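Note that the structure is predicted; figures quoted are calculated from it, not measured. In what follows, every chain begins at residue 1, and chains take the letters A, B, ... in the order their sequences are listed.
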Amino acid sequence: MLDFVTEHLPALQVVVPLIAAPVILLYQKEAFAWGWALLTTWTTFALSGLLVHEVFSQEFISYDLGGWAPPLGIEYRVDAANALVIAIVAGIAALVTTYARKSIQAEVQGRNQPFFYVLLLLCVSGLIGVAITGDAFNLFVFLEISSLSTYTMVALGGRRDRRAYTAAIRYLITGTIGATFYVIGVGLLYMVTGTLNMADLAVSIAGMDNNTTVQAAFAFIVIGLGLKVAIFPLHLWLPNAYTYAPSVVTIFLAATSTKVAVYALMRFLFTVFGIRFDFELDSLAFLFLPLAIMGMFIPSIVAAFQVDVKRLLAYSSVAQIGYMLLGISLATSASLTATSIHLFNHALMKAALFMALGAVMLRLKSTIIDDLAGIGKTMPWTTAGFALGGLSLIGVPLTVGFVSKWLLIQASFASQQPWLAGLIVVSSLIAVVYVWRVVEVAYFSPVPEGRVRQEAPLSMLIPMWVLVAANIYFGIDTDITIRLASLAAEALLGGAP
Amino acid sequence: MSAEFIIGHYNYWIIVILMMAGLYVVLARGNLVKKLVGLNVFQTSVFLLYITIGKVHGGTAPIEIKGAYDVVYSNPLPHVLILTAIVVGVSTLAVGLALVVRVRETYGTIEEDELVEADLVAEFGEAGKT
């Protein structure tokens, strides 16, 4: 049995949640659905832990799906870069499912509650699939599995606010355009090379610098994935989708879906195309870098003026993607280490922050900033969790946020661009403004008349505080995360995977 | 650009026209159903692109003919990929239309500018009217 698990470990990551999802449809009871999803996500998390362990001992794992050898068959290829992303997705999924029950009972219509867990499992399966696959077309299929379930999950927020429906349809249109652009790009690459395997593609397109088809494919893939990542001017779907989705969905999306898209983008930029192409170096320097800087500032400033805290954090997510993009645009081993670690760290901090907001939503039925007056006294644990998560978001020492920003600043010095370090510090100061606005209202405004102390239930507090503790633990003990992130950077930059 | 080039790339011209028409409809139309139709036309153009890539000059349908060795077959792989993409396209359309039904139920309209105005009025009161 154990041999079987080890042998088929890469496939099991995707197959377990995928097979488990329809089981809920057979017995649509909310309690069963939650228990089953809980069991599945924790199993997946354990499997992903085994996978990370395996990757530490060998450089990469190649798995032939159905026994068909690559490049003809579909290959699952796991190295440090995607093992990290898979662990993020599986870990967050397990914590979110633990957290979800009370919040979903309060926010989603009764008969739809079991379906939420079906969608969550499908989305987990799709996201892990995107991360694990070594086949460009297979990536598209998984991207659509995760996206379709995401659109539906966003729409589940429609009972609370009908704007969830328009947000979902806008996300569907943008997301589908993005995915279709990606498929066009893959088709163009197939036209030139006759292969869909990423490693094989990397070898086949070597030296095709002036091939306009390859250049067009690059443009289509970068824009297509850029829409999914929500790179600054392509982010318009994100704030509404995050704001009007049910709290649990927002936690899961903010912590995982953009991270997986960033990973896919890095995979294509550095493994398939690679910085050996002049057109790629040009687009990194003249397209990605300016967009990254604009992304660090403009959404942060917009966030500082929001009245809905959920929306504020959504804009802050777009700004954080700016930091990841900055690391990508410098394209050195150090900067990619910073981006990879920020993928992990940002998942920890945003999940903790949105979990705190989900608890606030459960008790106060609102996340408008003025309604949060005095929650420091009525919900002390939740507010403390939010404040610590906020400190991490700013990048205060002893939190994970500091580690990512420190590495990013070091990377910009190493790339002879010290002015970038200055910009990183200044943009972090804007984060101080928007985090402070919330903390000020929560702690220093008087408690409104008639509101009693009412803390969130333990089932929500525990996952939230696990994440808050992780924010601090990985901010102090950085050994594991930095080692994994630098291995990931090497794996990405190491030419063909 | 010779006439031979233009005629030889006949399929690609059609693909580009469909692709741009589809994308234009998505961006320019306010009606959500029309947007979804545009999105489908856009996706269909990609199906055609893949099928065109799979064509081998003089090739026949990729079904093995027993005993014949000098037969040229078309490349079946793009066809198979597109079967998957068609399924994805149909599912996207289904989810999209289901959402449009919900929008119609809750807002009473599926015109985008009216939806935007309804949201602005909900947020800012009368001041949100355009």
Item checked: More than 12 heavy atoms from other groups under 6.0 Å of CZ on A:Arg159 -> yes
Note to self: I need the full list of salt bridge (charged side-chain N to carboxylate O under 4.0 Å, His left out) pairs touching residues 166-187 of chain A, with sequence neighbours left out, sorted by first then second residue.
What the structure shows: A:Arg170-B:Glu112
Check: At what distance, to the nearest 0.5 angstrom, does CE of A:Met191 lie from CD1 of B:Ile53?
Finding: 4.0 Å
Notebook entry, point to check: In terms of heavy-atom proximity below 4.5 Å to chain B, should A:Val141 be classed as side chain, backbone, both, or neither?
Noted result: side chain
Margin query: Taking the side chain as everything from C-beta on, heavy atoms only, tell me whether B:Asn75 gets closer than 4.5 Å to A:Tyr190.
Written below: yes
Next item on the list: Identify the residue among B:Leu115, B:Ile110, B:Val100 that makes a side chain to side chain contact (heavy atoms under 4.5 Å, CB included) with A:Ile169.
Entry: B:Val100
Next item on the list: Determine the option with the most heavy-atom pairs under 4.5 angstrom with chain A, choosing from B:Val116, B:Val103, B:Val26, B:Thr52.
Entry: B:Val103
Next item on the list: Measure distances from A:Leu196 to the heavy atoms of chain B and classify the residue's part below 4.5 Å as side chain, backbone, both or neither.
Entry: side chain
Checklist line | B:Tyr12 atom OH: more than 12 heavy-atom contacts under 6.0 Å | finding: yes
Checklist line | Flag side-chain contact, heavy atom, 4.5 Å: A:Phe181 against B:Leu23 | finding: yes
Checklist line | Contact residues of residues 81-94 of chain B (partner chain A; heavy-atom separation under 4.5 angstrom) | finding: B:Leu81, B:Thr84, B:Ala85, B:Val88, B:Ser91, B:Thr92
Note to self: Does atom CZ (A:Arg160) have a neighbourhood of more than 12 heavy atoms from anything else shown, all under 6.0 Å?
What the structure shows: yes
Next item on the list: Any salt bridge (charged side-chain N to carboxylate O under 4.0 Å, His left out) involving residues 63-74 of chain B? Give me the pairs, sequence neighbours left out, ordered by first then second residue.
Entry: none
Next item on the list: Sort by residue number and list every member of residues 33-49 of chain B having a non-hydrogen atom under 4.5 Å from chain A.
Entry: B:Lys35, B:Leu36, B:Leu39, B:Phe42, B:Gln43, B:Val46, B:Leu49
Checklist line | B:Ala118 versus chain A, the contacting section by heavy-atom distance below 4.5 Å | finding: both
Checklist line | Residue pair B:Thr106 / A:Arg162: nearest heavy atoms and the distance that separates them | finding: O-NH1, 3.0 Å
Next item on the list: Among the options A:Thr152, A:Ile177, A:Ile145, pick out the one with the most heavy-atom pairs lying under 4.5 Å from chain B.
Entry: A:Ile177
Checklist line | Exceeds 12 heavy-atom contacts within 6.0 angstrom, atom OH of B:Tyr73 | finding: yes
Notebook entry, point to check: Side chain, backbone, both or neither: which part of A:Val186 has a non-hydrogen atom closer than 4.5 Å to chain B?
Noted result: both
Check: What is the distance from atom CG of A:Leu172 to atom CG of B:Leu99, rounded to the nearest 0.5 Å?
Finding: 6.5 Å
Next item on the list: Would you name the heavy atoms of B:Val95 and A:Tyr151 that are closest together and state the gap between them?
Entry: CG1-CB, 4.4 Å
